There are 2 protein chains.
Amino acid sequence: MPDSIHAIPEVVILRLPLYVRVLTQLKDEGTEVISSRELGDRLSVTPAQIRKDLSYFGRFGKQGRGYNVSYLVGELRQVLGLDRQWNTAVIGIGRLGRAIINYPGFAPEGFKVVAAFDADPAQVGRQFEDVAIQSIGEMQQTIRERNIAIAIVAVPAPQAQRVISELVSCGVKAILNYAPIAPQVPEDVRVRNIDPVLALQTMTYHLKVRQDEAGS
Amino acid sequence: MPDSIHAIPEVVILRLPLYVRVLTQLKDEGTEVISSRELGDRLSVTPAQIRKDLSYFGRFGKQGRGYNVSYLVGELRQVLGLDRQWNTAVIGIGRLGRAIINYPGFAPEGFKVVAAFDADPAQVGRQFEDVAIQSIGEMQQTIRERNIAIAIVAVPAPQAQRVISELVSCGVKAILNYAPIAPQVPEDVRVRNIDPVLALQTMTYHLKVRQDEAGS
DNA sequence: TTTCGATTGCGCCAATTGTCACAATTCTAC
DNA sequence: GTAGAATTGTGACAATTGGCGCAATCGAAA
Ligand SMILES: NC(=O)c1ccc[n+]([C@@H]2O[C@H](COP(=O)([O-])OP(=O)(O)OC[C@H]3O[C@@H](n4cnc5c(N)ncnc54)[C@H](O)[C@@H]3O)[C@@H](O)[C@H]2O)c1
Ligand SMILES: NC(=O)c1ccc[n+]([C@@H]2O[C@H](COP(=O)([O-])OP(=O)(O)OC[C@H]3O[C@@H](n4cnc5c(N)ncnc54)[C@H](O)[C@@H]3O)[C@@H](O)[C@H]2O)c1
């Protein structure tokens, strides 16, 4: 294991999917080779950062030339584990949960919703896009049987921590959370929050300075 | 300007809304005082980090006691500019755009959708939740007149960069982007991307290691 | 009033993250 | 085949960010 000696910074992992996205787009546009400078321009990142990030995982480029787009995107997909299908479950099949099940953006990227759970007995049994809604009681068994590694949480905020804790006890190690809370999980479990309000609130600080100046 | 000498790290600004969220919840639960340790436990952040973050903006706590929750949340809201209403516009009134206009989570936090734009003439004039859809041609004027500082982009990916550039030329300085692209904007414009696929792709790296180990 | 446990704010240091700069290499053109 | 332009990968350094530890202070209790 030659490259597992150096731990790879988490920030690097966070940037890789961005690289994959832009490289995929370049590939579709027919670009065969790209330099770290051009890629950096597209991503508003310095060329040095791109080169260093990539160097954690191998030597993918050629001096004087750049990176072969197809090759690089393939290598990065493999590094990230995007070269396989990931089964997911959605929990909370309300308005948002249904939208998630119907969202056509997941499947092409290898994320497949194979199970759906809701606490409301009236929902159980209904079908959306080949997925039948199951009761919460069936969750643990289904997660095991269907090899579900990723859960998507779309329950109301007051229920979210409880649901997340239950998912953790079912062995789920990755959670995409849409509820507006700060979930607590053991450190071997990853959570990403989708939270547009939080995102807006991180921008107003800068707008405020501008607005205050204008007013004074 | 006593505290504008030291620039405030962007990471700190990114954490403040989280603090606000948890503090608001504590306030609703009736907690009057909280220590940095307890707050840190709730957020999976070290107490030292919380104290340091807060110290950029003032001395809000009392030794031996902690922070008064109501007071602190009020101060932080003021720091972030959450003590006022922010007018926003949604661009792209398809399935997602309509869901955003109907989303009840924005208004209580002071973000009000006051305008909606779509390129499709068939959409123009239709009404959602007191917001009438306008044509793209009216965008610049409406943004000025209605003092819109924040735009929410929900157009298809191929159109997104063009729409974002146009918003920038209308003077918008903050953009919440839902399209799966890496937008390019001048450095005085802030963009936050809502991108569940990217979020999932940052987690599979760690799952992969686990899965590979299990298989070997 | 005094003592004591608790907790902040912050100086200082440690760890992490980002950038520079350059030798090594590749490709092209002649 | 050689010269020159382009660009990588990386070691060394710089900047940023996080955390320790403690003096100062607060509130409670005796
Ligand atoms: N991040 C975003 O972009 C975004 C957008 C919209 C909504 N939301 C959030 O998503 C959540 C759901 O929103 P919605 O509009 O779909 O609400 P909803 O009320 O329509 O649906 C919630 C569903 O969760 C189910 N549920 C409740 N408790 C449950 C439990 N313990 N286990 C399983 N299922 C349970 C309910 O039966 C219901 O079907 C809320 O927390 C909301 O704030 C986030
Ligand atoms: N981040 C997320 O959670 C998430 C979820 C769903 C969809 N999306 C993304 O949001 C976008 C919209 O998705 P949707 O399902 O609403 O698509 P849609 O096709 O239903 O709606 C798109 C709308 O944008 C309008 N439009 C197209 N070009 C425009 C332009 N130049 N100016 C103004 N309006 C224009 C169209 O007329 C249409 O009404 C897509 O990029 C999609 O990938 C993101």
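Numbers restart at 1 for each chain; the letters A, B, ... are given by sequence-line order, proteins then strands. Quick caveat: nothing in here was measured; it's all calculated off a predicted structure.
- Under the side-chain contact (heavy atoms from CB on, under 4.5 Å) test applied with A:Thr88, the options A:Ile150, A:Val172, A:Val114 reduce to a single match, A:Ile150.
- Atom CG in A:Leu39 sits roughly 12 Å away from atom P in D:dG9 (whole-Å rounding).
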Original post:
Going 5' to 3' along nucleotides 20-30 of chain D, which nucleotides have protein heavy atoms under 4.0 Å from the base (write B), which only from the sugar-phosphate (write S), and which from neither (write -)?
Top reply: BB--BBBS---
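- Counting only distance, with no hydrogens or angles, the side chain of A:Asn87 and the backbone of A:Ala149 share no donor-acceptor pair below 3.5 Å.
- Taking both residues in full, the closest heavy atoms of A:Val20 and A:Val73 are given as O-CG2, 3.9 Å, listed atom of the first, atom of the second, then distance.
- Closest non-hydrogen pair, A:Asp118 versus A:Gly92, comes out as OD2-C, 3.6 Å.
- Between B:Arg84 and B:Glu109, none of the side-chain N atoms (NZ, or NE/NH1/NH2) sits under 4.0 Å from a carboxylate O, so this pair counts as no salt bridge.
- Distance, A:Ile50 CD1 to D:dT10 P: 16 Å, rounded to whole Å.
- Taking side-chain N and O atoms only, A:Tyr67 has no distance below 4.0 Å to OP1 or OP2 of C:dT26.
- The bend of the helix from C:dT1-D:dA30 to C:dC30-D:dG1, defined by the angle between the axes of its first five and last five pairs, stands at 10° to the nearest 10°.
- Between the C1' atom of C:dG18 and the CG atom of A:Leu14 lies a distance of 15 Å, rounded to the nearest Å.
- The OH-C1' distance, from B:Tyr56 to C:dG9, rounds to 12 Å in whole Å.
- In this structure, B:Phe57 places its CZ atom 13 Å from P of C:dG9, rounding to the nearest Å.
- Looking at the side chain of B:Arg15, the nearest of the listed nucleotides C:dG18, D:dG18, D:dG9 is D:dG18.
- Summarising the geometry, the separation between CG on A:Leu72 and P on D:dT8 is reported as 11 Å, rounded to the nearest angstrom.
- With hydrogens and angles disregarded, no donor-acceptor distance shorter than 3.5 Å links the side chain of A:Gln184 to the backbone of B:Leu43.
- Between the side chain of A:Asn193 and the main chain of A:Asp195, no donor-acceptor pair closer than 3.5 Å is present.
- Of the residues in residues 17-36 of chain B, those with a non-hydrogen atom less than 4.0 angstrom from any atom of DNA chain C are B:Ser35, B:Ser36.
- Between the side chain of B:Ser35 and the main chain of B:Gly66, no donor-acceptor pair closer than 3.5 Å is present.
- Scanning all heavy atoms of the two residues, the minimum distance from B:Thr31 to B:Val33 falls at CG2-O, 3.4 Å.
- For A:Asp83 and A:Arg77, the salt-bridge test fails: no basic side-chain N is under 4.0 Å from an acidic carboxylate O.
- Ranked by how close their nearest DNA chain C nucleotide is to the 5' end, B:Arg37 and B:Ser55 are led by B:Arg37.
- Between the CG atom of A:Asp53 and the P atom of C:dT17 there is a distance of 11 Å, rounded to whole Å.
- A straight line from CZ of A:Phe60 to C1' of C:dT26 spans 19 Å, rounded to a whole angstrom.
- B:Lys173 contributes no side-chain N or O that, together with a main-chain N or O of B:Arg190, makes up a donor-acceptor pair within less than 3.5 Å.
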